There are 2 protein chains.
Amino acid sequence: MSAARPADHDHTHCIADALTRADALCAERGARLTALRRQVLELVWTSHRPRGAYAILEDLSQREGKSTAPLTVYRALEFLVEQGLVHRIESLNAYIGCAAPGAVHSGQFLVCEACGNAVEIDDPRIRAAIDTTAAERGFRVNRPTVEVRGMCTDCQEKSP
Amino acid sequence: MSAARPADHDHTHCIADALTRADALCAERGARLTALRRQVLELVWTSHRPRGAYAILEDLSQREGKSTAPLTVYRALEFLVEQGLVHRIESLNAYIGCAAPGAVHSGQFLVCEACGNAVEIDDPRIRAAIDTTAAERGFRVNRPTVEVRGMCTDCQEKSP
DNA sequence: CGGGGCGATGTTATAGAGTAACAGCATGTC
DNA sequence: GACATGCTGTTACTCTATAACATCGCCCCG
Ligand SMILES: [Zn+2]
Ligand SMILES: [Zn+2]
Ligand SMILES: [Zn+2]
Ligand SMILES: [Zn+2]
């Protein structure tokens with residue numbers, strides 16, 4: 001699971017893995033990964049680009065053949081975020097699947113402004129620096145958010 | 001002792017200083033800090049809590065005695081953000097005045113979930129950690145966003 | 001088996017955040 | 001004055017998210 005995710009990788013594996021991990025985690029925790037929630041999770045994993053709730057909604061409606069209400073998706077997303085299966089990218093109002101649920105999350109992302117891909121990283125140095133500076137100021141950290149906008153390796157090569 | 005801003009400070013000074021600095025900076029740059037933009041800047045500085053565009057809009061409408069369109073505020077905010085006079089807090093969809101415009105900005109905030117105050121920091125260690133990890137992955141950083149949710153010193157004392 | 005509780009889902013309506021397109025106005029410059 | 005440029009106003013619209021309330025399904029307990 002490198003940060004270097006080849007552009008031509010077999011993404012069906014990513015999806016299958018994500019669903020398998022989600023099943024295991026929820027079973028272990030006694031959380032109910034219902035059919036609806038599982039389907040929303042799958043739709044979040046459509047790609048490695050953060051997806052808006054309404055994009056997911058549209059897919060879901062189409063797949064179900066009937067129109068679905070926004071709330072349906074938002075509630076599912078809320079559950080998935082609580083379980084750490086999905087992260088919300090604040091600066092994009094969008095959601096992305098977590099590649100390593102169950103592990104500790106610091107919530108750090110490299111977001112490419114060219115291709116839209118977002119890679120989750122968990123760099124202890126960033127987390128340490130945040131904790132240090134917060135401690136120095138007496139600030140109690142609850143949820144650190146790090147979203148780095150920029151350009152990924154692939155896109156740099158394509159547009160030098 | 002609080003980070004930099006006692007809860008009982010004279011906030012009129014904060015506002016006056018911010019406007020003075022803005023005047024100077026814009027004059028120096030040849031940017032036009034029009035009456036409208038200046039007023040929006042003042043309204044952003046209403047407090048040290050990030051404010052939503054529509055809250056500012058409401059204040060502006062009331063102050064002007066006539067209803068104003070959202071776009072008016074958004075355009076002013078866009079200008080102010082470009083000039084580095086105001087920052088947008090992504091995780092809150094809200095705007096806050098910059099205490100040190102003109103200087104280099106890394107965009108780091110400690111946001112208290114209890115009182116809503118947001119303190120801008122510019123910790124070189126955080127920035128360095130981000131640059132390092134990005135470099136290791138071949139990611140070119142454009143705009144790093146760090147928004148740490150948690151609880152400020154004052155609020156910790158009040159609710160143990 | 002028959003409720004009763006509780007969490008998940010459905011429905012409808014509304015709030016909040018942001019933008020597009022176009023017109024008018026105010027500068028300053030030549 | 002004529003023009004160019006940039007700021008502001010107006011209208012309408014999209015996207016994001018939540019509130020309030022009804023309903024359904026499932027498990028537990030009697
Ligand atoms: Zn993949
Ligand atoms: Zn890219
Ligand atoms: Zn102040
Ligand atoms: Zn506080």
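Because the structure is a prediction, the values reported are computed rather than measured. All values below were derived from every heavy atom in this structure, side-chain atoms included, with hydrogens, water molecules and symmetry-related copies excluded.
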Inset, instruction - Flag yes if A:W45 and A:F79 sit in one hydrophobic cluster, no otherwise; membership is Ile, Leu, Val, Met, Phe, Trp, Tyr, and two members link when side-chain heavy atoms are under 4.5 Å apart. - result: yes
Inset, instruction - Report yes if the side chains of B:R38 and B:D23 come closer than 4.5 Å at any heavy-atom pair, otherwise no. - result: yes
Legend entry - d(CG, A:L71; P, D:dT23) in whole Å: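 So the two atoms are 17 Å apart, to the nearest Å.
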Inset, instruction - Rounded to the nearest angstrom, tell me the gap between atom CD1 in B:I56 and atom P in C:dA17. - result: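 The answer, rounded to whole Å, is 10 Å.
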Legend entry - side-chain N/O B:T34 vs D:dT8 OP1/OP2, d < 4.0 Å: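 So the side-chain polar atoms of B:T34 do come within 4.0 Å of the phosphate oxygens OP1 or OP2 of D:dT8, strictly under.
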Legend entry - Ion pair B:R127/B:D131, N-O distance below 4.0 Å: yes
Inset, instruction - Please state how far atom CD in B:Q83 lies from atom C1' in D:dG6, giving the value in whole angstrom units. - result: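 The answer, rounded to whole Å, is 14 Å.
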Legend entry - A:Y74 side-chain proximity, nearest of C:dT11, D:dT10, D:dT18: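 Selected nucleotide (nearest to the side chain): D:dT18.
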Inset, instruction - Taking the six-membered ring of A:Y95 (Phe, Tyr or Trp), confirm whether the NZ or CZ of A:R51 is under 6.0 Å from its centre and within 45° of its axis. - result: no
Inset, instruction - Return the stacking result for D:dT16 and A:Y54: yes when the ring centres lie under 5.5 Å apart and the planes under 30°, no otherwise. - result: yes
Inset, instruction - Find the distance A:E78:CD to C:dG7:C1' and express it as a whole number of Å. - result: 13 Å
Legend entry - Under-4.0 Å side-chain N/O to phosphate OP1/OP2 contact, A:T72 with C:dT9: no
Inset, instruction - When you get a sec, tell me which of C:dT9, D:dT8, D:dT18 is the closest nucleotide to the side chain of B:R37? - result: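 Selected nucleotide (nearest to the side chain): D:dT8.
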Legend entry - Side-chain N or O of B:R88 closer than 4.0 Å to phosphate OP1/OP2 of C:dG18: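 Answer yes for this pair, as a side-chain N or O of B:R88 is under 4.0 Å from OP1 or OP2.
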Inset, instruction - In whole angstrom, give the distance that lies between atom CG of B:L57 and atom C1' of C:dG18. - result: 12 Å
Legend entry - Short side-chain N/O contact to D:dA17 OP1/OP2 from A:Y95, under 4.0 Å: yes
Inset, instruction - Name the residue closer to the 5' end of DNA chain D, choosing between B:N93 and B:L36 according to the nucleotide with the nearest heavy atom. - result: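 Comparing both residues, the 5'-ward one is B:L36.
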Inset, instruction - Please check if any side-chain donor atom of A:H9 sits under 3.5 Å from a side-chain acceptor atom of A:H11, or the reverse. - result: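 A:H9 vs A:H11: donor-acceptor pair found between side chains.
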Inset, instruction - Rounded off to whole Å, could you give me the CG-to-P distance for the A:L92 and C:dG18 pair? - result: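 These atoms are roughly 13 Å apart.
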Inset, instruction - Starting from C1' on C:dA8, measure out to CD on A:E82 and report it in whole angstrom. - result: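 It is 13 Å, rounded to the nearest whole Å.
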Legend entry - Separation of D:dC7 C1' from B:Q39 CD (nearest whole Å): 15 Å
Legend entry - Presence of donor-acceptor pair under 3.5 Å, side chain of A:R75 and base of C:dG10: yes
Inset, instruction - Give the nucleotide from the list C:dA8, C:dG18, C:dT11 with an atom nearest to the side chain of B:A53. - result: C:dG18
Legend entry - hbond_proxy A:R32 side chain to D:dG25 base (donor-acceptor, 3.5 Å cutoff): no
